[in-house]
Amino acid sequence: MPIIDCVAVTKRYANGQLALDAVDLAIDKGEIFALLGPNGAGKTTLIGVICGTVSMTSGAVRVAGADIQRDFRAARYRIGLVPQEIALDIFATVRGTVSFSRRLFGRPPDPAFLERLLRDLSLWEKRDSRIIELSGGMKRRVMIAKALAHEPEVLFLDEPTAGVDVNLRRDMWALVRRLREGGVTVILTTHYIEEAEEMADRVGVIDNGRILLIEDKAQLMRKL
Ligand code: ADP
Ligand code: ADP
């Protein structure tokens, strides 16, 4: 059973814009999957629909078997979402931000897990700093820590390296690999083909709300 299963997912926004047009997509546990497409292709909308933050017009999405529309809580619990925009309480501390996020999902505190997570993201030294004191790169790391705080099985990264410097980009790639070693399924969006190639096991090319092709890395590289 795929961990993410989208069947005929269609999204038409209130203004009439068709953002997703009957998308079928199955993603297996432990995969790193990249959604590659130009601006406006429908990548963010697709992530939103799978995570239940954007209502779909028709179709169905299952996350580990749980229907996102009928069983939102069970499905959402398995997902960590890192949106494009940084959205953090600037007066909260790093540790407080991450702990709060874990608590929202009803998971008991686990100091050892929290320490490992913050160390993995090079945030441990900053654990008692307030968000307002952090650099942009650090804030992005906090967004990731926040999304992983409840130990989800699937992590969504929306344009994780857009506007990010080379060092942080490398760190992101390393992080994605480590997550995979830990058994986490990673789905990311990008409009850089090199990034899709570098990070993903499979790449889905999306444009105008349609998945045009899905290929594994070897197939994609042969075509380039
Ligand atoms: P939903 O159908 O998921 O409730 P809406 O269609 O109501 O979403 O859109 C949410 C808001 O985003 C609306 O206020 C809409 O005007 C605004 N919006 C419109 N066009 C765009 C766009 N191209 N990108 C981002 N937001 C947009
Ligand atoms: P991408 O993430 O690939 O850049 P999006 O999913 O953000 O693409 O957008 C897909 C299409 O839907 C675009 O045409 C965009 O303008 C439109 N769109 C996105 N959000 C909204 C919204 N809230 N209301 C209306 N149209 C939207």
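When reading the values below, keep in mind they use all heavy atoms of this one structure, side chains included, and skip hydrogens, waters and symmetry mates. For reference, positions follow the sequence shown, starting with 1.
A continuous path of Ile, Leu, Val, Met, Phe, Trp and Tyr side chains, each step under 4.5 Å between heavy atoms, connects Leu118 with Leu134, placing both in one hydrophobic cluster. Hydrophobic clustering of Ile, Leu, Val, Met, Phe, Trp and Tyr side chains at less than 4.5 Å, counting indirect connections, unites Leu20 with Ile27. Taken together through direct or relayed side-chain contacts under 4.5 Å among Ile, Leu, Val, Met, Phe, Trp and Tyr, Val82 and Ile187 form parts of separate hydrophobic clusters. Placement of Ile86 and Leu148 within a single hydrophobic cluster is found when ILVMFWY residues are connected by side-chain heavy-atom separations under 4.5 Å, directly or transitively. No continuous path of ILVMFWY side-chain contacts below 4.5 Å connects Phe33 to Leu157, so the two sit in separate hydrophobic clusters.
Using a distance-only test at 3.5 Å, with no hydrogens or angles considered, a donor-acceptor pair links the side chain of Glu31 to the main chain of Asp28. Within the 3.5 Å criterion, the main-chain N or O of Arg12 finds a donor-acceptor partner in the side chain of Thr57. Put simply, the side chain of Arg127 gets close to the backbone of Trp124: a donor and an acceptor are under 3.5 Å apart. Arg177 places no side-chain N or O within donor-acceptor distance of the main-chain N or O of Met199, the cut-off being under 3.5 Å. The backbone N or O of Ala196 lies less than 3.5 Å from no partner atom in the side chain of Thr190, so there is not a single donor-acceptor pair.
Residue-environment remark: CZ (Phe72) exceeds the threshold of 12 foreign heavy atoms within 6.0 Å. Annotation for Arg210: atom CZ does not count as buried by contact number, only 12 or fewer foreign heavy atoms lying within 6.0 Å. Under a cut-off of 6.0 angstrom, the local environment of CG in Asp216 is crowded, with over 12 non-hydrogen atoms contributed by other residues, nucleotides or ligands.
Here Lys11 contributes atom NZ and Ser58 contributes atom OG; the two are 10.5 Å apart, rounded to the nearest 0.5 Å. Taken from CD1 in Ile206 to CG in Leu36, the straight-line distance is 10.0 Å, to the nearest 0.5 Å. Rounding to the nearest 0.5 Å gives a distance of 8.5 Å between OG of Ser129 and CE of Met138. Note that CD1 of Ile214 is 9.0 Å distant from CG of Asp24, once rounded to the nearest 0.5 Å. Considering CG of Asp158 and CD of Gln84, their distance stands at 4.0 Å, rounded to 0.5 Å. A distance of 5.0 Å separates CD1 in Ile79 from CD1 in Ile4, rounded to the nearest 0.5 Å.
The shortest side-chain heavy-atom distance between Leu114 and Arg95 falls under the 4.5 Å cut-off. Taking the side chain as every heavy atom from C-beta outward, Tyr192 and Glu197 never approach each other to under 4.5 Å. Side-chain contact between Asp89 and Phe100 is absent, with no heavy atoms from C-beta onward closer than 4.5 Å. The shortest side-chain heavy-atom distance between Leu25 and Val9 does not fall under the 4.5 Å cut-off.
In the model, Asp128 has no side-chain atom that pairs as donor or acceptor with a side-chain atom of Thr93 under 3.5 Å. Between the side chains of Thr185 and Glu153, no donor N or O sits under 3.5 Å from an acceptor N or O.
Nearest heavy-atom pair across Met1 and Ala64 is CE-C, 3.8 Å. Of all the heavy atoms in Arg70 and Arg62, the pair that sits closest is NH2-NH2, 4.2 Å. The heavy-atom pair separating Val184 from Pro152 by the smallest distance is CG2-O, 4.1 Å.
Under the side chain to side chain donor-acceptor pair (under 3.5 Å) criterion, the residue pairs touching residues 98-120 are Arg102-Glu151, Glu115-Arg119, with sequence neighbours excluded.
Salt-bridge formation is not detected for the pair Arg202/Glu215: no Lys NZ or Arg NE/NH1/NH2 atom is positioned less than 4.0 Å from an Asp or Glu carboxylate oxygen.
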Report task. Run the numbers on Asp201 and Arg180 for salt bridge (Lys or Arg N to Asp or Glu O under 4.0 Å), then give the verdict. Result -> CA-CA 11 Å; Asp201 303 314; Arg180 190 242 300 270; 2.8 Å; yes

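Remark: Thr97 pairs with Leu88, Ala92, Ile131, Val142, Lys146 by the side chain to side chain contact (heavy atoms under 4.5 Å, CB included) rule, at least two apart or across chains.
The only member of Val61, Thr10, Leu46 that meets side chain to side chain contact (heavy atoms under 4.5 Å, CB included) when paired with Met56 is Val61.
Between His150 and Tyr77, the two ring planes are perpendicular [angle over 60°; tilted spans 30° to 60°].
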Which donor-acceptor pairs under 3.5 Å do side chains of residues 168-175 form with protein atoms, sequence neighbours excluded?
unit_1: Arg169; atom_1: NH2; unit_2: Thr161; atom_2: O; d: 3.2
unit_1: Asp171; atom_1: OD2; unit_2: Arg141; atom_2: NH1; d: 3.2
unit_1: Asp171; atom_1: OD2; unit_2: Arg141; atom_2: NH2; d: 3.1

